[in-house]
Amino acid sequence: MAMPLPHSPSTLEELITLIVTLEVERYNSGDAAQSKVLTALTEDQIADQLESGKVGFGARYNPNRQDVVGAIENACLSYEDGLYKVFINDREIENLDERIELQDNDRVMFIRLTMLAGRMW
């Protein structure tokens with residue numbers, strides 16, 4: 001999915017700030033009175049959503065507006081805590097202040113890590 005940015009970030013922290021800001025604004029602009037009725041997805045809709053890695057109905061379960069500053073702080077802290085990794089064109093970005101130079105059609109991946117719990121026998 002292509003995401004145009006208002007300007008090219010120079011560090012990973014700036015990239016995270018830009019993307020979180022855009023996503024919070026998109027979320028907050030959604031209709032708070034969204035219908036609670038779920039409709040069936042067509043095969044084409046499922047195929048399109050599979051490309052992004054998540055298939056869903058787009059339901060909003062939290063009607064509250066989200067705080068941009070808090071979301072940015074949370075995203076940066078989560079990165080520092082190792083809850084997700086960031087790759088640009090298959091190269092891992094190692095820290096928030098690492099210099100980056102995004103070009104048109106660069107592929108940026110945010111990979112959320114899941115911590116598993118279990119027992120050793």
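- For the pair Leu12/Asn95, no side-chain contact is recorded, criterion being any heavy-atom separation below 4.5 Å from C-beta on.
- Not a single side chain to side chain donor-acceptor pair (under 3.5 Å) links Asp48 to another residue, sequence neighbours left out.
- A heavy-atom distance below 4.5 Å is found between the side chains of Leu18 and His7.
- Of the residues Val86, Thr11, Ile88, the one that meets the side-chain contact (heavy atoms from CB on, under 4.5 Å) test with Ile100 is Ile88.
- No side-chain heavy atom of Cys76 sits less than 4.5 Å from a side-chain heavy atom of Val20.
- In terms of the salt bridge (Lys or Arg N to Asp or Glu O under 4.0 Å) criterion, residue partners of Arg91 (sequence neighbours excluded) are, by chain and number, Glu98.
- Applying the side chain to side chain donor-acceptor pair (under 3.5 Å) criterion to Glu14, with sequence neighbours excluded, gives Ser10.
- When hydrophobic clusters are built by joining Ile, Leu, Val, Met, Phe, Trp and Tyr residues whose side-chain heavy atoms come closer than 4.5 Å, directly or via intermediates, Leu77 is not grouped with Ile16.
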Which pairs would a plain distance check flag for residues 102-109, meaning a side-chain donor or acceptor within less than 3.5 Å of a matching protein atom at least two apart in sequence or in another chain?
{"residue": "Asp106", "atom": "OD1", "partner": "Asn89", "partner atom": "ND2", "Å": "2.8"}
{"residue": "Asp106", "atom": "OD2", "partner": "Gln103", "partner atom": "N", "Å": "2.7"}
{"residue": "Arg107", "atom": "NH2", "partner": "Asp90", "partner atom": "OD1", "Å": "2.6"}
{"residue": "Arg107", "atom": "NH2", "partner": "Asp90", "partner atom": "OD2", "Å": "3.2"}

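- When the side chain to side chain contact (heavy atoms under 4.5 Å, CB included) test is applied to Thr114, the partners found at least two apart in sequence or on another chain are Leu116.
- Thr17 OG1 to Leu22 CG: the interatomic distance, rounded to the nearest 0.5 Å, is 10.5 Å.
- Both Leu5 and Phe110 are assigned to one and the same hydrophobic cluster, defined by single-linkage of ILVMFWY side chains at heavy-atom distances under 4.5 Å.
- To the nearest 0.5 Å, the span separating CD on Gln66 from CG on Asn28 amounts to 6.5 Å.
- Here side-chain hydrogen bond (donor to acceptor under 3.5 Å, both in side chains) pairs that include residues 69-87, with residues two or more places apart or in two chains, are Lys85-Glu92.
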